[in-house]
Protein chains: 2
Amino acid sequence: MLITQLVKARGDRLTATDRRLVAVLQAQPAEAAFWYAAELTEPLGLHQSAATRMAQRLGFDGYPQLRDALRQDYLAGDGPSQRVRGLLERHPDDVLRGFVDDEVAALSALPQHVAQAELDDLAAQIVAAGHVYLFAQGNAAVLADLLARRLRRFGMRSTVLTGADRELAERLSALQPGDLLLACAFRRVPSALAPVLEIAASGGAFTALITDTLLTLSPQPDVILAAPRGGDDYLSLTVPMAIANALVLTIARQAPEQSIGSLDHLGALLERFAR
Amino acid sequence: MLITQLVKARGDRLTATDRRLVAVLQAQPAEAAFWYAAELTEPLGLHQSAATRMAQRLGFDGYPQLRDALRQDYLAGDGPSQRVRGLLERHPDDVLRGFVDDEVAALSALPQHVAQAELDDLAAQIVAAGHVYLFAQGNAAVLADLLARRLRRFGMRSTVLTGADRELAERLSALQPGDLLLACAFRRVPSALAPVLEIAASGGAFTALITDTLLTLSPQPDVILAAPRGGDDYLSLTVPMAIANALVLTIARQAPEQSIGSLDHLGALLERFAR
DNA sequence: CGCTCAATGCAAGTGAGTTTGCATCTAGCG
DNA sequence: CGCTAGATGCAAACTCACTTGCATTGAGCG
């Protein structure tokens, strides 16, 4: 994309305000191609001259010249005609486009498979839980890591359960009634999942599972959030990660004082490190 | 299409010249939405006032009003911003739906920001590299982990660079010419990034960066793959993860015997564990 | 054949959008 | 702490696209 190339080449001259404007141009290329300077700057509370100066810092005579360039770029590369072409004939060489198409399709379908009400339920359980255990094996481990990071930011305590059996058993030995186990597993059932679920359930913990197709397990988790992933051969974590993110957002919504307060606390701690 | 509707309704008042102009508007709706009156009329050897008068005969105050209508019609119908419509009617309580909308929008735009050719270049460098160093801090660390896992499956050696300065320095001490550094950084520049890039570059390594907005760094990486992430407040890793996945797929495509062979090898090893 | 009306080109006038000099403010630096 | 350089807002000046009155042309019609 032209605007990205321009920033790569001349970005060192840009100010913070310029970058805010550029971000808008990147996010809304079609609309921005029509805008006057004021239409670009006013939503950001900036004067229209900011647009002129950003354009000049990017090497153009003025803002209209930048806009012309954006129009050309938009019509040449990303115009609607190109788009339709893209959807019809699959791109044999464009791995990125093909992959993105699959991912978008899978992601768009996610709300049909997971209801907000289910997220609300699980979020409430997590907010109420004493300690959260996150189980994952293999690639799914990055999901558990991500969830652990986000929960930590909210001031919630969690333990990531990864690795071999002995490791798992050790970590689970601290489990108490009122705790919660959230497992992430895809395609195949990890051999450790059944015992972990059993231990958690018999220990009085609430159990939940984020998965793609693993709908029948024994013991059955209390909550299952399941949505198919896109693509056939290469399975990404986009869809389950979206579930995880939406879950985090739902938690933040349910316990705003706790989550926001924790972020403030985090900021204060960070400043003490910066000294 | 709007212009067709207008002619149906008011076409009886149009002159022969008007119809020639309308035909151009119908044939090139995307381009015409940008044109000044003169740009529309001059290719036909007509004066710009012809545009004004055609617009008036179609019921508009003047030519700019007609053009605005064409733009609206273009953006609403054929344009890529049907997603904007989805973003307007926001779901206040459905966190999942809102989040998915943002993510789909950002992901759809990804191919506009990163070209397959760029992925091809970087993939070739990675295939040729002796050792791959993956740098990431904070949330981005999950990305580095994911890349490390995928590369490992292809039989490529990699080192994840996370954590504090001393740790980084130790790991980097093994860096050799012909190695490759792939950094992941978003929104803010991690303080360790500049020295790491410097060390890698001066050590003869190829340097690359996956990012959202960090386009200007010193030293500048050899390759930058940049695409904005969706949403305003909550920034997910969906878009950068898609870049990473597409990169992995591109590598697999470029070095099929190596990547597939490694997977076979992995399967054989797994069986020996299962015994 | 000449009259009338509508269409079109021309060019001056108008107004919206853009640029730019100036003043203010902030951050970096000695 | 004061100084300098750069960034930003403001407002006047300016540019340029658009409109409109007028003149010309051509077609239709008595």
Respond yes when some side-chain nitrogen or oxygen of Gln56(A) is under 4.0 Å from OP1 or OP2 of dT20(C), and no when none is. yes

Given atom OH of Tyr63(A) and atom C1' of dA16(C), what is their separation to the nearest angstrom? 15 Å

Check the phosphate of dT18(C) against Arg67(A), side-chain N and O only, distance under 4.0 Å to OP1 or OP2. Yes or no? yes

Looking at Glu118(B) and Lys8(A), does any basic side-chain N land under 4.0 Å from a carboxylate oxygen? yes

Got a donor-acceptor contact below 3.5 angstrom from the Glu103(A) side chain to the Ala242(B) backbone? no

Expressed in angstrom and rounded to an integer, what is the separation of Asp61(A) atom CG from dT19(C) atom C1'? 11 Å

Return the set of residues passing side chain to side chain donor-acceptor pair (under 3.5 Å) with Thr41(A) (not counting sequence neighbours), or none when no residue passes. none

When all nucleic acid strands are considered with a 4.0 Å heavy-atom cut-off, which category describes Thr52(A): base, sugar-phosphate, or nothing? base

For atom CZ of Arg53(B) and atom C1' of dC5(C), their distance in whole Å: 15 Å

Which part of the nucleic acid, if any, lies within contact of Glu39(A), taking any heavy atom under 4.0 Å across all strands shown: a base, the sugar-phosphate backbone alone, or nothing? nothing

Interface limits on DNA chain D, where chain A has a heavy atom under 4.0 Å of a nucleotide atom: dA7(D) to dA11(D)

When the distance from OH of Tyr36(A) to P of dT19(C) is rounded to whole Å, what number comes out? 13 Å

Ignoring hydrogens and angles, tell me if any N or O in the side chain of Arg67(A) forms a donor-acceptor pair with the backbone of Trp35(A) under 3.5 Å. yes

